[in-house]
Amino acid sequence: MGEKNPAVDAYIAKSADFARPILEHLRSVVHAGCPGTEEVLKWGFPHFMHKGILCSMAAFKSHCAFGFWKGQLLAEQHPELAATRESAMGEFGRIMKKSDLPARAVLVGYVKEAAALNDAGVKVASRARPKQPRPLKVPDYFLSALRKSRKAMATFEEFSPSHKREYVEWVVEAKGETTRKKRLETAVAWMSEGKARNWKYVRK
């Protein structure tokens, strides 16, 4: 097993009670799948390195997250990893207990495959950026909700185009009317507090 980083020990120790066994389990899995992996803190949470970034884990108020740096490539071979990242970072959604994760042997297998990708120097293909940004269409119902809160409207107007798009697409892409309304209410509440869509993952 690779050497443990005291900074990661400290990160786990200060995490919530429910999160500590999950993080310890994930840490053990990574070292089992990639002996000698190096532990570092990047962007405020633990990353595991092997010829580049291998994977990372994080603990939040009510859930944990775990994901592979080249998860997109792994998902091409394992469709079960192509789950939505709507509610959490990584390939495994919101992890609130160890049983939310696949079996240990399965996870170790994913780690081995991820390490093999790094060994082979495989790169994640970057999508070509369009020459002109797509125009952002803000629905009338979205603007109507914003107008009910001066702070939310002011925040939205001051946002960069990308931050505006994150909120609008999150609401518009909801599959059902109930979900759409709930997201819109949440969006207005967050913007009234000056928060970006992904404020939970911003390093403090």
| message | What I want to find out is whether E185 reaches K182 closely enough, with some N-O distance under 4.0 Å, to be called a salt bridge. | response |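 So E185 does not pair with K182 through a salt bridge.
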Looking at every non-hydrogen atom in both residues, tell me the closest pair between [X] and [Y] and how far apart they are.
X	Y	answer
A187	V171	CB-CG2, 4.3 Å
E24	I12	OE2-CG2, 3.8 Å
L143	M153	O-CE, 4.0 Å
Y167	R197	CE1-N, 3.3 Å
G194	T155	CA-OG1, 3.7 Å
A196	H163	CB-CD2, 3.4 Å

| task | Given side chain to side chain contact (heavy atoms under 4.5 Å, CB included), test D100 with H63 step by step and report yes or no. | result | CA-CA 11 Å; D100 289 334; H63 74 278; over 6 Å; no
| said: Is there a side chain to side chain contact (heavy atoms under 4.5 Å, CB included) between E38 and F48? Walk through the geometry before answering. | reply: CA-CA 6 Å; E38 178 188 359; F48 300 92; over 6 Å; no
Give, for atom [atom1] of [X] and atom [atom2] of [Y], the distance between the pair rounded to the nearest 0.5 Å.
X	Y	atom1	atom2	value
C64	R94	SG	CZ	10.5 Å
K181	Y141	NZ	OH	11.5 Å
E39	H31	CD	NE2	3.5 Å
D119	C34	CG	SG	7.5 Å
R104	L26	CZ	CG	10.0 Å
F159	M191	CZ	CE	6.5 Å

Are side-chain heavy atoms of [X] and [Y] found at a separation under 4.5 Å?
X	Y	result
K137	V172	no
K148	V188	no
F92	L107	yes
V8	M57	yes
L74	K70	no
L41	N5	no
F66	L23	no

| request: Identify whether NZ of Lys or CZ of Arg in K164 sits under 6.0 Å from the centre of the six-membered ring of F156 and within 45° of that ring's axis. | output: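 Yes, a cation-pi geometry holds between K164 and F156.
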So, the side chain of [X] versus the backbone of [Y]: is there a donor-acceptor pair under 3.5 Å, distance only?
X	Y	answer
K42	I53	no
S192	A189	yes
T37	M49	yes

| query | Any chance CD of Q77 has more than 12 other-residue heavy atoms, nucleotides or ligands included, within less than 6.0 Å? | reply |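 Incorrect, the count does not exceed 12.
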| said: Test of understanding: clusters of I, L, V, M, F, W, Y form through side-chain heavy atoms closer than 4.5 Å, transitively. Do L54 and V106 belong to the same one? | reply: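 L54 and V106: one cluster.
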| request: With sequence neighbours excluded, give me every side-chain hydrogen bond (donor to acceptor under 3.5 Å, both in side chains) pair touching residues 7-17. | output: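 Residue pairs with at least one partner in residues 7-17: D9-R27, D17-R20.
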| query | Do H78 and E91 have side-chain N/O donor and acceptor atoms under 3.5 Å apart? | reply |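 Not at all, the side chains of H78 and E91 share no donor-acceptor pair under 3.5 Å.
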